[in-house]
Amino acid sequence: MAAEVLGWWGVPLGILAGTLRGSAPFLFVSLGECLTEKSGKINLGLEGTLLTGAMSAYAISYQTGSPWLGVLAAGLAGMVLGFIHAWLCVQPKVNDIAVGIAMIIFGSGIAFFFGKPFIQPSAPQLPSFPLGAWSHLPPVQSALQICPLFLLGVAIAPLMQWFFKSTRWGLFIRAVGDSPDAAKAMGISINKVRMLCIIAGSFLAGIGGAYLSLYYPGSWTERISSGQGLMAVALVIFARWNPVQCLYASLLFGGAQAIGPALQSVGVDSYYYLFNASPYILTLAIMIITCSPKRTLTGAPGSLGTNT
C-alpha cells in the first residue's frame, strides 16, 4: 500500500514506522541490562526472560481478555527469572556468563513448554495512539501508530539517568558497581543491591517481551525474540551504560531492523536477507569496535564481570 500511494517515499516512512514499533523491546531490555550492569553484574539470560515475558503476556491476555494484565504478568514472570538469576549470581565463585547462558536455556524452555497451547489462539492486543490521524493517507496513519508501552520506555530512560545521578539509591548502585570494597566500607549490602538490580532489570525485560507478543509483531511464536535479548547487551556497551543513550541506540537498532521490510515494500527484493540481517551486522560491528585494545570502555562499571 505504501509503495502504491507514496512510491519511494514509502521507504523512509517504512523505516520510521519500523523504528517506532520495533525499538521498544530493545529499549526495555537494554534499560534492564543497564540497571543490572551498573551494579557490576551481567545478565545474558535476558533473552530467556524476553521469551518468557512474551509467552506470559500472551497467555494471560488470552485467558483474561485484558492485555494490560498480560503486561503485568510478563513483568512478574521476568522478576521470577531475575530472582533465580540473582540468587545464583551472588553465590561465591559463580560466573555471571555461565549463569546467563543457563538462564537463556531455562527461560526459553519454560516459554516453549507452557506456550505451546497459545501459538494458534488470538489474544487481545495492546491499544495504540493514532498520531497520524491528521493525514488522509492510510500509510501515514499506520506508520504513526504509537503504543503506550513505547512512550513508557521513552519516559523511563531519562528517569533512570536522573535516578543514577541524583538519588541515594542510585549512588549505592554506582558505588557497588564501581568499587564493591568502598561500598562495603560505607555499610552497603552488595548482594542486596545487586539482587534488586537484577530483579528490576528482569522486570523491564519481561515488559519488553509483552510488547513483542501483544503489539509488534503481535503474536506468540517460539522465534519471536530473534535474539533481541542478546543484542541488547551489545547495545548497552554501545550506549556506554547511559540510559538516555540506550534510548538512542534502541531507535538505531529498531531502524536497522526496518530497512529490509521497507525496501521490500517498494519492490527491492535483491539482498533482502542481507538487509534483514542489519541488526546482527550492527551488533557484530559494535562488539568488534568496543573490544578493540586501543579503545577504553568509557563509563563501564569498575567491577563489571568480576566475581566479587
Side-chain angles (χ1 to χ4, degrees), residues 17-33 43-85 100 102-128 142 145-153 201-232 250 253-254 257-258 260-261 276 279-280:
T19 300
L20 295 177
R21 294 177 182 174
S23 58
F26 289 114
L27 177 57
F28 278 100
V29 179
S30 65
L31 289 176
E33 181 65 9
N43 188 357
L44 292 183
L46 291 182
E47 173 71 14
T49 305
L50 191 70
L51 284 166
T52 302
M55 181 277 298
S56 301
Y58 200 82
I60 296 300
S61 178
Y62 174 74
Q63 296 285 359
T64 66
S66 171
W68 292 110
L69 283 179
V71 172
L72 178 61
L76 293 176
M79 291 180 70
V80 171
L81 291 184
F83 176 79
I84 297 172
H85 184 101
M103 291 304 296
I104 291 176
I105 299 171
F106 177 71
S108 301
I110 290 291
F112 297 164
F113 178 78
F114 288 105
K116 287 288 186 183
F118 301 101
I119 293 178
Q120 293 297 329
S122 179
Q125 299 290 292
L126 288 168
S128 60
S142 176
Q145 295 282 338
I146 305 294
C147 179
L149 271 189
F150 172 72
L151 298 179
L152 177 62
S202 297
F203 174 83
L204 291 175
I207 298 298
Y211 184 95
L212 282 174
S213 62
L214 296 181
Y215 187 75
Y216 184 77
S219 61
W220 161 245
T221 65
E222 294 179 351
R223 299 179 181 179
I224 194 170
S225 69
S226 302
Q228 292 183 52
L230 286 172
M231 283 189 278
S250 298
F253 271 61
Q257 190 174 246
N276 276 351
Y280 307 101

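Note that this is a predicted model, so its numbers are computed, not measured. In what follows, every heavy atom counts, from backbone to side chain, and hydrogens, waters and symmetry copies are set aside.
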Engineer: Measuring from atom CG of L230 to atom CD of E47, what distance do you get when rounded to the nearest 0.5 angstrom?
Structural biologist: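 Here the interatomic distance stands at 5.0 Å.
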
Engineer: Looking at CD1 of I207 and CG of L72, how far apart are the two atoms once the value is rounded to the nearest 0.5 Å?
Structural biologist: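 Those atoms lie 7.5 Å apart.
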
Engineer: If only atom types and distance count, is the side chain of T52 paired as donor or acceptor with the main-chain N or O of G107 below 3.5 Å?
Structural biologist: yes

Engineer: Can you classify the ring geometry of W220 versus F112 as parallel (below 30°), tilted (30 to 60°) or perpendicular (above 60°)?
Structural biologist: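 The rings of W220 and F112 sit tilted, inter-plane angle from 30° to 60°.
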
Engineer: Taking only residues at least two apart or on different chains, which pairs with a member in residues 105-121 satisfy salt bridge (Lys or Arg N to Asp or Glu O under 4.0 Å)?
Structural biologist: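 Qualifying pairs: K116-E222.
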
Engineer: Taking M55's backbone N and O only, do any of them form a donor-acceptor pair with S213's side chain (distance below 3.5 Å, no angle check)?
Structural biologist: no

Engineer: If every non-hydrogen atom of P67 is compared with every non-hydrogen atom of L126, which pair is closest and at what distance?
Structural biologist: CB-CD2, 3.8 Å

Engineer: Search all heavy atoms of G18 against all heavy atoms of A258 and return the closest pair with its distance.
Structural biologist: CA-CB, 3.5 Å

Engineer: Rounded to the nearest 0.5 Å, what separation is found between the CG atom of L20 and the SG atom of C147?
Structural biologist: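 Rounded to the nearest 0.5 Å, the CG-SG separation comes out at 11.5 Å.
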
Engineer: Quick check for you: to the nearest 0.5 Å, what is the distance between S108 atom OG and I105 atom CD1?
Structural biologist: 8.0 Å

Engineer: Got a second to check how far T49's OG1 is from L44's CG, nearest 0.5 Å?
Structural biologist: 11.0 Å

Engineer: Donor-acceptor pair, Q120 side chain versus F118 backbone, under 3.5 Å?
Structural biologist: no

Engineer: Quick one: salt bridge (Lys or Arg N to Asp or Glu O under 4.0 Å) pairs with a partner in residues 50-69, sequence neighbours left out?
Structural biologist: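 Every candidate salt bridge (Lys or Arg N to Asp or Glu O under 4.0 Å) pair involving residues 50-69 fails, so no pair, neighbours aside, qualifies.
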
Engineer: Quick one: does Y211's side chain have a donor or acceptor within less than 3.5 Å of a partner on R21's backbone?
Structural biologist: yes

Engineer: How about F83: does its CZ atom have over 12 heavy atoms from other parts shown lying under 6.0 Å from it?
Structural biologist: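 No, the 6.0 Å shell around CZ holds no more than 12 heavy atoms from other groups.
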
Engineer: Does H85 reach the side chain of F106, with side-chain heavy atoms less than 4.5 Å apart?
Structural biologist: no

Engineer: Where do Q145 and Y215 come nearest, in terms of heavy atoms and distance?
Structural biologist: O-OH, 3.4 Å

Engineer: Among P124, S61, P127, which one satisfies side-chain contact (heavy atoms from CB on, under 4.5 Å) with W68?
Structural biologist: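 Passing option: P127.
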
Engineer: Can you name the closest pair of heavy atoms from A57 and V71 and give their distance?
Structural biologist: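 The answer is CB-N, 4.4 Å.
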
Engineer: Nearest 0.5 Å please: distance from the CD1 atom of I146 over to the CG atom of L151.
Structural biologist: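 Here the interatomic distance stands at 6.5 Å.
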
Engineer: Run the side-chain donor-acceptor check on residues 26-33: report pairs under 3.5 Å with partners two or more places apart or on a different chain.
Structural biologist:
residue	atom	partner	partner atom	Å
S30	OG	F26	O	2.8
S30	OG	L27	O	3.0
E33	OE2	N43	N	3.3

Engineer: Within the distance-only criterion (no hydrogens, no angle test), does the side chain of Y58 pair as donor or acceptor with the backbone N or O of L212 below 3.5 angstrom?
Structural biologist: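 Absent.
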
Engineer: Do L51 and S225 have side chains that approach each other closer than 4.5 Å (heavy atoms only, starting at C-beta)?
Structural biologist: yes

Engineer: What heavy-atom pair brings S250 and S23 nearest, and what distance separates the two atoms?
Structural biologist: O-CB, 3.2 Å

